[in-house]
A.B. asks: 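This is the structure, below, for whatever I ask next.
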Amino acid sequence: LYIVELARAGWVAATGRFSLPTSLQATVRGHFANLPDGARELLEVAATIGREFRLSVLAHASGQEGTTLVRNLDNLWRRRIVRENGTEGYDFCHGRLGEVAYRDLSNAHRALLHGRVAEAYQEIRPSGVGIADIARHFELAGASNKAARFFVEAGNAARDIYANEAAVSYYRRAIELLPVGQGVEIMVQLGETLKLAGEWSEAERMYQEALASALRQDLSLIHI
């Protein structure tokens, strides 16, 4: 049935762009029909995590544990929504299943779940999950200050292994997330990293921005 629906919808192979047809979305949603509330909640958390997820992260982010967690996860497994992947790992039997489940969440619900996933990652720090992953989930949760802090941490870690381009990207994102006038120290770190990357003119510009921002803060304090 999936293959027939995909063939009817067509797939732009040259660009790799693909839109899941409405009829197939309805088929997938039917696959989720009559799920118990607990299993549906677990599905939504798993979809927020991504294609692959670990049991410990799922438990922490969902708030489910013990028999309840296993029963609801088994329900998803028996329906071929998720499958086992290693000792504690799971993934969706097809990526489109998670995509549809995530798409059906409201913006507020997505933000809530991204916050829970970020906190689970922060607490557990599972292998294969980087600091930037924590930052991105906090960003999607709308927790800009926390996201910025973890992007800076990711930038520092990248710079420690001489991955300067990645570090520059993370520092820039941290600055973008903070209110205007904040993040002077991050600007300086970014300038130093740009120098290491050989981008001298850009580094000089960033130092100037940091100085201007610091002066604005001082003048604001004097005015107060």
Side-chain angles (χ1 to χ4, degrees), residues 15-17 44-54 56-58 60-61 95 98-99 101-103 105-218 220:
T15 62
R17 289 179 296 182
E44 292 166 350
V45 174
T48 304
I49 295 172
R51 176 68 185 263
E52 299 180 359
F53 49 92
R54 296 177 68 84
S56 56
V57 175
L58 192 64
H60 193 290
E99 178 185 315
Y102 183 77
R103 184 179 298 172
L105 298 173
S106 68
N107 289 335
H109 198 173
R110 288 177 188 170
L112 175 68
L113 294 182
H114 278 294
R116 290 180 179 175
V117 172
E119 290 169 358
Y121 280 164
Q122 183 180 358
E123 178 69 23
I124 300 170
R125 297 293 179 107
S127 61
V129 173
I131 302 169
D133 295 313
I134 302 174
R136 291 188 186 98
H137 278 288
F138 272 129
E139 180 180 0
L140 291 168
S144 297
N145 286 338
K146 288 184 178 180
R149 178 164 61 86
F150 278 99
F151 273 123
V152 170
E153 189 177 329
N156 294 341
R159 198 169 70 169
D160 286 343
I161 59 172
Y162 306 104
N164 294 321
E165 289 186 7
V168 166
S169 175
Y170 295 142
Y171 289 142
R172 287 192 189 281
R173 190 64 193 130
I175 293 169
E176 290 169 356
L177 287 169
L178 292 173
V180 176
Q182 293 188 18
V184 173
E185 293 182 0
I186 307 172
M187 291 179 184
V188 173
Q189 287 177 284
L190 175 55
E192 293 173 352
T193 310
L194 286 166
K195 282 172 59 179
L196 291 173
E199 299 183 32
W200 295 92
S201 60
E202 187 64 18
E204 181 64 24
R205 188 186 68 80
M206 188 52 57
Y207 286 138
Q208 291 175 357
E209 284 191 21
L211 178 59
S213 182
L215 289 173
R216 282 195 298 269
Q217 287 184 22
D218 289 342
S220 176

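All values below were derived from every heavy atom in this structure, side-chain atoms included, with hydrogens, water molecules and symmetry-related copies excluded.
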A.B. asks: Would you mind reporting whether R110 and L140 have side-chain heavy atoms less than 4.5 Å apart?
C.D. replies: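 Heavy-atom side-chain distance check fails, nothing below 4.5 Å.
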A.B. asks: Is any side-chain heavy atom of Y207 less than 4.5 Å from a side-chain heavy atom of K195?
C.D. replies: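 Side-chain contact under 4.5 Å: yes.
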A.B. asks: With side chain to side chain contact (heavy atoms under 4.5 Å, CB included) as the test, would you mind laying out the steps for T48 and H109 before giving the verdict?
C.D. replies: CA-CA 10 Å; T48 304; H109 198 173; over 6 Å; no
A.B. asks: Can you find a heavy atom in the side chain of F138 that is under 4.5 Å from one in the side chain of R149?
C.D. replies: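 The answer is no, as the side chains (C-beta and beyond) never meet within the 4.5 Å cut-off.
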A.B. asks: Provide the closest heavy-atom pair for A132 versus F151 in the form atom of the first, atom of the second, distance.
C.D. replies: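 Nearest pair, atom of A132 first, then F151: O-CE2, 4.4 Å.
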A.B. asks: Does E204 form a side chain to side chain contact (heavy atoms under 4.5 Å, CB included) with L194? I'd like the steps, not just the answer.
C.D. replies: CA-CA 9 Å; E204 181 64 24; L194 286 166; over 6 Å; no
A.B. asks: Give the minimum heavy-atom separation between A148 and L177, together with the two atoms involved.
C.D. replies: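 Heavy atoms only, the tightest pair is N-CD1, 4.0 Å.
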A.B. asks: I'd like to know whether the aromatic ring centres of Y102 and H114 sit less than 6.0 Å apart in this structure.
C.D. replies: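 Yes.
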A.B. asks: Within this structure, what is the CG-CD distance for the pair N145 and Q182, rounded to the nearest 0.5 Å?
C.D. replies: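 N145 CG to Q182 CD: 6.5 Å, rounded to 0.5 Å.
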A.B. asks: Would you indicate whether the side-chain heavy atoms of M187 and Y171 approach each other to under 4.5 Å?
C.D. replies: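 No - every pair of side-chain heavy atoms lies 4.5 Å or more apart.
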A.B. asks: Quick one, I49 and Y121 - any side-chain contact, counting heavy atoms below 4.5 Å?
C.D. replies: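 Yes - at least one pair of side-chain heavy atoms lies under 4.5 Å apart.
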A.B. asks: Is the shortest side-chain heavy-atom distance between E192 and R159 below 4.5 Å?
C.D. replies: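 Yes, at least one pair of side-chain atoms sits under 4.5 Å.
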A.B. asks: Distance-only, no hydrogens or angles: does the T193 side chain make a donor-acceptor pair with backbone N or O of Q189 under 3.5 Å?
C.D. replies: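 Flag set: sc T193 to bb Q189 pair under 3.5 Å.
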A.B. asks: Looking at every non-hydrogen atom in both residues, tell me the closest pair between A61 and A120 and how far apart they are.
C.D. replies: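 The pair with the smallest heavy-atom distance is N-CB, 4.1 Å.
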A.B. asks: With a 4.5 Å limit on heavy-atom distance, are the side chains of I124 and V129 in contact?
C.D. replies: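 Heavy-atom side-chain distance check fails, nothing below 4.5 Å.
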A.B. asks: Using salt bridge (charged side-chain N to carboxylate O under 4.0 Å, His left out) as the criterion, list what pairs up with E185, not counting sequence neighbours.
C.D. replies: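 For E185 there are no salt bridge (charged side-chain N to carboxylate O under 4.0 Å, His left out) partners, ignoring immediate neighbours.
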A.B. asks: Find the distance between CG (D160) and CG (N156) and round it off to the nearest 0.5 Å.
C.D. replies: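 These two atoms lie 6.5 Å from each other.
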A.B. asks: Which pairs count as salt bridge (Lys or Arg N to Asp or Glu O under 4.0 Å) when at least one residue sits in residues 162-175, sequence neighbours excluded?
C.D. replies: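 As it turns out, the salt bridge (Lys or Arg N to Asp or Glu O under 4.0 Å) pairs with a partner in residues 162-175, which skip direct neighbours, are E139-R173, R172-E202, R173-E176.
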A.B. asks: For E199, enumerate each residue passing the salt bridge (charged side-chain N to carboxylate O under 4.0 Å, His left out) test, keeping only those at least two apart in sequence or located in another chain.
C.D. replies: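 If we apply the salt bridge (charged side-chain N to carboxylate O under 4.0 Å, His left out) test to E199, skipping adjacent residues, there are no hits.
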A.B. asks: To the closest 0.5 Å, what do you measure between CG (L113) and CG (L105)?
C.D. replies: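 If I round to the nearest 0.5 Å, the distance is 6.0 Å.
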